[in-house]
Amino acid sequence: MAPYHIRKYRESHRTQVLDLFSRAMDEYVPATFRHVLKLPQILVLLLGVPLALFLVSGSWLLALLASFALLTALRFLSKYPWSKFKVMCLRTDMSDISKSYLSEPGSCFWVAEAEGQVVGIVGVLPVEERPLPKEQLQLFHLCVASGWRHQGIANALVRTVLQFARDQGYRQVVLITSVLQHSALALYQRMGFQKTHQFFFSLSWRLIAIPSVMFVYHLPSAQASQAQE
C-alpha cells in the first residue's frame with residue numbers, strides 16, 4: 001500500500017480537490033439510474049407506454065422510439081439531483097474552501113495526499129443553529145479517489161474529524177449521506193455513527209425515491225457526562 005499523509009487544506013490543493021469532488025459526485029449517476037429503473041412505477045411506465053403506443057398505432061418503431069425517449073428522460077432525471085447538488089456546493093462552501101473552512105475556529109478541511117496527488121478530502125463546520133455552542137460539528141464531502149479506496153484512507157479521514165471534534169470540545173459529530181452511498185453507510189456504522197432519521201433533501205430526490213440519512217456520533221466525553229447526569 002502506497003503511503004498517504006493527511007494534512008490541512010492549502011490553496012495549492014484547490015484544483016485537485018474540486019476535481020476529486022466533481023468526479024465523486026458523477027460516480028453516483030449510473031447507480032442512481034439503475035436504482036430508478038428498478039422502481040415499480042418506472043417499470044410500469046417503461047412497459048406500459050411503448051405497449052400502449054404499439055396497440056394504438058401498430059408500429060414497433062414508434063414503440064421503440066418511445067422506449068428510447070423514456071430511458072433518455074430517466075437518465076437525465078437520475079443525473080439531475082447530483083448535478084444540482086454539485087453546482088450548489090461549488091457556488092457555496094466549495095467556492096472558497098479556505099474562507100469556508102479555515103477562517104474560523106472550530107472548522108477545518110483536510111486532504112489525503114499520496115504520490116503528490118490529492119486522493120481524499122473531508123471538511124467540518126459547526127452546526128450554528130444548535131442552542132448550545134460546541135454542541136455539534138458536521139462532516140462534509142468525504143471523498144476518496146476511486147483508485148485509492150480500500151486502503152483505509154476514508155477511515156483515517158473520519159478519525160481525523162473525530163479527534164478534531166474532541167480537541168475542540170464538541171459533543172457530537174453529525175453528517176448527512178444518501179441511502180444509495182452504500183460504502184459510506186457501512187463505513188459510518190462501522191465507526192460507531194448511529195442513524196437518527198431519514199428525509200428527502202428536495203423534490204428531485206423524492207421523485208427518484210432516494211432519501212438522505214442523518215447520522216450522529218456521540219463523543220466519548222459527551223457520553224461520560226451524560227452517564228454521570
Could you go step by step and tell me if Val122 and Val158 meet the side chain to side chain contact (heavy atoms under 4.5 Å, CB included) rule?
CA-CA 8 Å; Val122 72; Val158 174; 5.9 Å; no
For Arg171 and Leu219, run side chain to side chain contact (heavy atoms under 4.5 Å, CB included): C-alpha distance rounded to whole Å, both residues' side-chain angles, the deciding distance at 0.1 Å, then the answer.
CA-CA 6 Å; Arg171 294 168 62 86; Leu219 294 163; 5.7 Å; no
Between Leu74 and Leu46, is a side chain to side chain contact (heavy atoms under 4.5 Å, CB included) present by the stated rule, with each step listed?
CA-CA 10 Å; Leu74 291 172; Leu46 287 173; 3.9 Å; yes
Worked verdict on Thr32 versus Trp82 for side chain to side chain donor-acceptor pair (under 3.5 Å):
CA-CA 9 Å; Thr32 303; Trp82 295 106; 2.8 Å; yes
List the steps and the verdict of side chain to side chain contact (heavy atoms under 4.5 Å, CB included) for Met191 and Phe215.
CA-CA 11 Å; Met191 297 193 72; Phe215 279 91; over 6 Å; no
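When the shell of 6.0 Å around OH of Tyr80 is examined, it contains 12 or fewer heavy atoms from other residues, nucleotides or ligands. For Phe33, the CZ atom sits in a packed shell: over 12 heavy atoms of surrounding residues, nucleotides or ligands are nearer than 6.0 Å. Heavy-atom contacts from other residues, nucleotides or ligands closer than 6.0 Å to CZ of Phe68 number 12 or fewer.
Under the 3.5 Å distance criterion, the side-chain polar atoms of Tyr170 are left unmatched by any main-chain donor or acceptor of Pro126. Under a 3.5 Å cut-off, the side chain of His218 and the backbone N or O of Gln194 do not form any donor-acceptor pair. Although no hydrogens or angles enter the test, the distance criterion places no donor-acceptor pair under 3.5 Å between the side chain of Gln136 and the main chain of Val127. Looking only at distances, a side-chain donor or acceptor of Thr196 sits under 3.5 Å from a matching main-chain atom of Met214. At distances below 3.5 Å, not a single donor-acceptor pair connects side-chain atoms of His13 with backbone N or O atoms of Glu113.
Side-chain heavy atoms closer than 4.5 Å link hydrophobic residues (I, L, V, M, F, W, Y) into clusters, and following such links, possibly through other members, connects Leu70 to Leu39. Note on Ile176: it clusters hydrophobically with Trp205, by side-chain heavy-atom contacts below 4.5 Å among ILVMFWY residues. Side-chain heavy atoms closer than 4.5 Å link hydrophobic residues (I, L, V, M, F, W, Y) into clusters, and following such links, possibly through other members, connects Leu90 to Val29. Residues Phe199 and Ile210 share a hydrophobic cluster, clusters being chains of Ile/Leu/Val/Met/Phe/Trp/Tyr side chains in contact below 4.5 Å. In this structure, Leu175 is a member of the same hydrophobic cluster as Met88, with clusters built from ILVMFWY side-chain heavy atoms closer than 4.5 Å.
With rounding to the nearest 0.5 angstrom, the OH atom of Tyr101 is 9.0 Å from the OG atom of Ser107. The distance from the OG atom of Ser22 to the CG atom of Leu20 is 9.0 Å, given to the nearest 0.5 Å. With rounding to the nearest 0.5 angstrom, the CZ atom of Phe164 is 5.0 Å from the CH2 atom of Trp110. Atoms CD1 and CG, from Ile97 and Leu18 in turn, are 5.0 Å apart once rounded to the nearest 0.5 Å. Lys99 NZ to Glu104 CD: the interatomic distance, rounded to the nearest 0.5 Å, is 10.5 Å. Once rounded to the nearest 0.5 Å, the distance linking CG of Leu142 with CD1 of Ile121 reads 8.0 Å.
Minimum interatomic distance between Ala66 and Leu53 (heavy atoms only, all atoms of both residues): CB-CD1, 3.3 Å. Between Ala165 and Leu137, the closest heavy-atom pair is CB-CD2, 3.8 Å. Contact between Ser78 and Val36 at its shortest, heavy atoms only, is OG-CG2, 3.6 Å. Here the closest heavy-atom approach between residue Glu11 and residue Ser98 is recorded as OE2-OG, 2.5 Å. Heavy atoms only, all atoms of each residue included: Ala112 and Ile6 are closest at CB-CG1, 4.2 Å. Contact between Gln198 and Pro211 at its shortest, heavy atoms only, is NE2-CG, 3.5 Å.
Within the hydrophobic cluster formed by Ile, Leu, Val, Met, Phe, Trp and Tyr side chains joined at under 4.5 Å, directly or through other members, Leu207 is accompanied by Leu203. Through direct or relayed side-chain contacts under 4.5 Å between Ile, Leu, Val, Met, Phe, Trp and Tyr, Val56 connects to no other residue.
The salt bridge (Lys or Arg N to Asp or Glu O under 4.0 Å) contacts involving residues 173-183 comprise nothing, where partners must be two or more places apart or lie in separate chains. Residue pairs satisfying the side chain to side chain donor-acceptor pair (under 3.5 Å) criterion with at least one member in residues 44-72, sequence neighbours excluded, are absent. For residues 14-38, the salt bridge (Lys or Arg N to Asp or Glu O under 4.0 Å) pairs, not counting sequence neighbours, are Asp19-Arg23, Asp26-Lys86, Glu27-Arg149. Applying the side chain to side chain donor-acceptor pair (under 3.5 Å) test to pairs two or more places apart or on separate chains, those with a residue in residues 177-189 are Tyr28-Gln181, Thr177-Gln181, Ser178-Gln181. Among residue pairs with one or both ends in residues 69-78, none qualify as salt bridge (Lys or Arg N to Asp or Glu O under 4.0 Å); sequence neighbours excluded.
Here Ser202 pairs with Ser204 under the side-chain hydrogen bond (donor to acceptor under 3.5 Å, both in side chains) rule; sequence neighbours left out. When the side-chain hydrogen bond (donor to acceptor under 3.5 Å, both in side chains) test is applied to Arg10, no partner is found at least two apart in sequence or on another chain. With sequence neighbours excluded, the residues that form a ring pair (Phe, Tyr, Trp, His ring centres under 6.0 Å) with His141 are Phe21. For Tyr217, the ring pair (Phe, Tyr, Trp, His ring centres under 6.0 Å) partners at least two apart in sequence or on another chain are Phe193. Applying the side chain to side chain contact (heavy atoms under 4.5 Å, CB included) rule to Gln163 yields the partners Arg166, Asp167; only residues at least two apart in sequence or on another chain are considered.
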